[in-house]
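First up is the structure itself, then whatever we jot down about it.
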There are 2 protein chains.
Amino acid sequence: MEESEFKPEIIVDFREAFSIKLKLSELGSRVVEKSITPADYVLSENCAVERKTLKDFLRSIYDGRLFEQVERLAKAYEKPILIVEGYTLQGLENVENPKIFWGALARVLAEWGVSVIFTPDERGTALFLYSLAEKLQKESERRVLAKRKPRVYTLREKQLLILQGLPNIGPERAAKLLERFGTLRRVFQASERELLSVEGFGKKIVRQIREILDTKYPGLEEI
Amino acid sequence: MEESEFKPEIIVDFREAFSIKLKLSELGSRVVEKSITPADYVLSENCAVERKTLKDFLRSIYDGRLFEQVERLAKAYEKPILIVEGYTLQGLENVENPKIFWGALARVLAEWGVSVIFTPDERGTALFLYSLAEKLQKESERRVLAKRKPRVYTLREKQLLILQGLPNIGPERAAKLLERFGTLRRVFQASERELLSVEGFGKKIVRQIREILDTKYPGLEEI
DNA sequence: ATAGCCGGGTGGTGA
DNA sequence: TCACCACCCGGCTAT
């Protein structure tokens, strides 16, 4: 018995198959049975798993249950995962309309950002759950740093960002302006003539810029 | 021929299997061949797909290529997806160490947030790619429109918005500046002294504004 | 020095 | 997942 071995804790809905709980236990995780909704397994504070057999998956596409459940799962957890169990060639061949099957998968992924994993059987499901729980919980410490970067802009980025507030100016034209004039202040001093000489700037855009820069505030905006 | 039918555009690395490109075409997408890295398929601005056969997937676990590639994919795209093709029971039975297989999957998901989809063959891959591209691109179309709709800025609002690009300038200070100086151009011409005389502007903020306006581009990036 | 206010970041929620 | 909003904290201004 190694003390150093890490034991992930997995919360399992009490209605889930016994064999999976057993397997998870054997693998070395602490299994906690609870009545949970909307998921079947909770692997970390923000990661939960819904498990469906292939057969149930297919049925639930048609009766709409799939999207309901997936929606609730996605709302409740940052990292929602769907496991489709019993994924075999045989099973797939029974799918009458592959287009609907793959379409549903795509929708789950695109619309709700749910990751989908296919396992052949309960053993595979358990192995995957265990591995994932282990990774998530081990690294939860490390993750503290890996969290959202506050995104601090450099001075250079700020300069570009301001110019992009002008109409029809994106990153590209913003860069052109700064390259040509050197500083923001000089860009804003530029005459219509000077602006026209910059690549990518024509009559129309220059006119708009001038309007914004030189219209008296508050502009007479009434209707 | 329905005009109303939506045609997703899929960018495919030119080295990918011809049969998949053909199938994608048949399904009704516009296939664009390019040399792309690090992905094999690009389905939208922020979604790209790496495709691997099961055999290659297994090999790449051991030689470390998998994690390298997945890392690059995840860094380059918000929604990275890995397709494992040729997923059959037979194939899986050949996996000597299931623990390593599922562990790799868990790692890809936990560490990089990459979704993994298993397809039985190229046909399945193509169907999935097509469905996903359709969903993503339809959705983004909606968003582009949805963005433009609610926000038709008046000239006055645009002027305020530009000033709010400056650090610590919100709606309030922006309005103060325009009231005081009349036009945007005059705001940007203002001296440090003039700025200080505006209510709500102190030493610190004026200093920052000056820095942004007068620093030569490209600013020397701090480390 | 300090009180009050502004800006912007964060977290929760709904779609 | 992403977009939006409401609230809160830290820091700057102004007295």
- Check every strand shown and say whether Val70(A) touches a base, only sugar-phosphate, or nothing at a heavy-atom separation below 4.0 Å. nothing
- Query: Whole Å only: how far is the CZ atom of Arg72(A) from the P atom of dG14(C)?
  - Reply: 15 Å
- Find the distance Ile205(B):CD1 to dG10(D):P and express it as a whole number of Å. 18 Å
- Would you indicate what Glu199(B) reaches in the nucleic acid, counting non-hydrogen atoms under 4.0 angstrom: base, sugar-phosphate, or nothing? sugar-phosphate
- Task: With sequence neighbours left out, write down each residue that passes side-chain contact (heavy atoms from CB on, under 4.5 Å) with Glu199(B), or none if nothing qualifies.
- Result: Lys176(B)
- Using a cut-off of 4.0 Å on non-hydrogen atoms, how would the nucleic acid contact of Lys75(A) be classed: base, sugar-phosphate, or nothing? base
- Is Glu134(A) reaching over with its side chain to a backbone N or O of Ala106(B), donor-acceptor style, under 3.5 angstrom? no
- Query: Could you state the CG-P distance from Leu195(B) to dT13(D), rounded to the nearest angstrom?
  - Reply: 12 Å
- Query: Is it true that a side-chain atom of Ser29(B) and a backbone atom of Tyr130(B) form a donor plus acceptor pair closer than 3.5 Å?
  - Reply: no
- Message: Output the rounded distance in Å from NZ (Lys203(B)) to P (dA14(D)).
- Response: 13 Å
- Please give, in whole Å, the distance from dA14(D) P to Phe201(B) CZ? 9 Å
- Message: Between Arg51(B) (side chain only) and Glu85(B) (backbone N and O only), is there a donor and an acceptor less than 3.5 Å apart?
- Response: no
- Partners meeting ring-ring contact (aromatic ring centres under 6.0 Å, His included) with Phe188(A) (sequence neighbours left out): Phe188(B)
- Message: Rounded to whole Å, how long is the line connecting atom CG of Leu73(A) with atom C1' of dG14(C)?
- Response: 16 Å
- Item | Mutual orientation of the aromatic rings belonging to Trp102(B) and Phe128(A) [parallel < 30°, tilted 30-60°, perpendicular > 60°] | perpendicular
- Atom CG of Leu177(B) and atom P of dT13(D) are separated, to the nearest Å, by 13 Å
- Identify, with sequence neighbours excluded, every residue that meets salt bridge (charged side-chain N to carboxylate O under 4.0 Å, His left out) alongside Glu33(A). Lys21(A)
- Residue set satisfying salt bridge (charged side-chain N to carboxylate O under 4.0 Å, His left out) with Arg107(B), at least two apart, ordered chain then number -> Glu111(B)
- Item | Side-chain donor/acceptor of Glu16(A) to backbone N/O of Asp13(A), under 3.5 Å | no
- Message: Please report the end-to-end axis angle for the helix from dA1(C)-dT15(D) to dA15(C)-dT1(D), five pairs per end, rounded to 10 degrees.
- Response: 10°
- Message: What is the separation between atom NZ on Lys204(B) and atom C1' on dT13(D), rounded to the nearest whole Å?
- Response: 12 Å
What are the atom names and distances for every N/O pair under 3.5 Å that joins the protein to nucleotides 3-7 of chain C?
from   : atom 1 : to        : atom 2 : distance (Å)
dC6(C) : OP1    : Glu172(B) : OE2    : 2.3
dG7(C) : OP1    : Gly170(B) : N      : 3.0
dG7(C) : OP1    : Arg173(B) : N      : 3.0
dG7(C) : O5'    : Gly170(B) : N      : 3.2

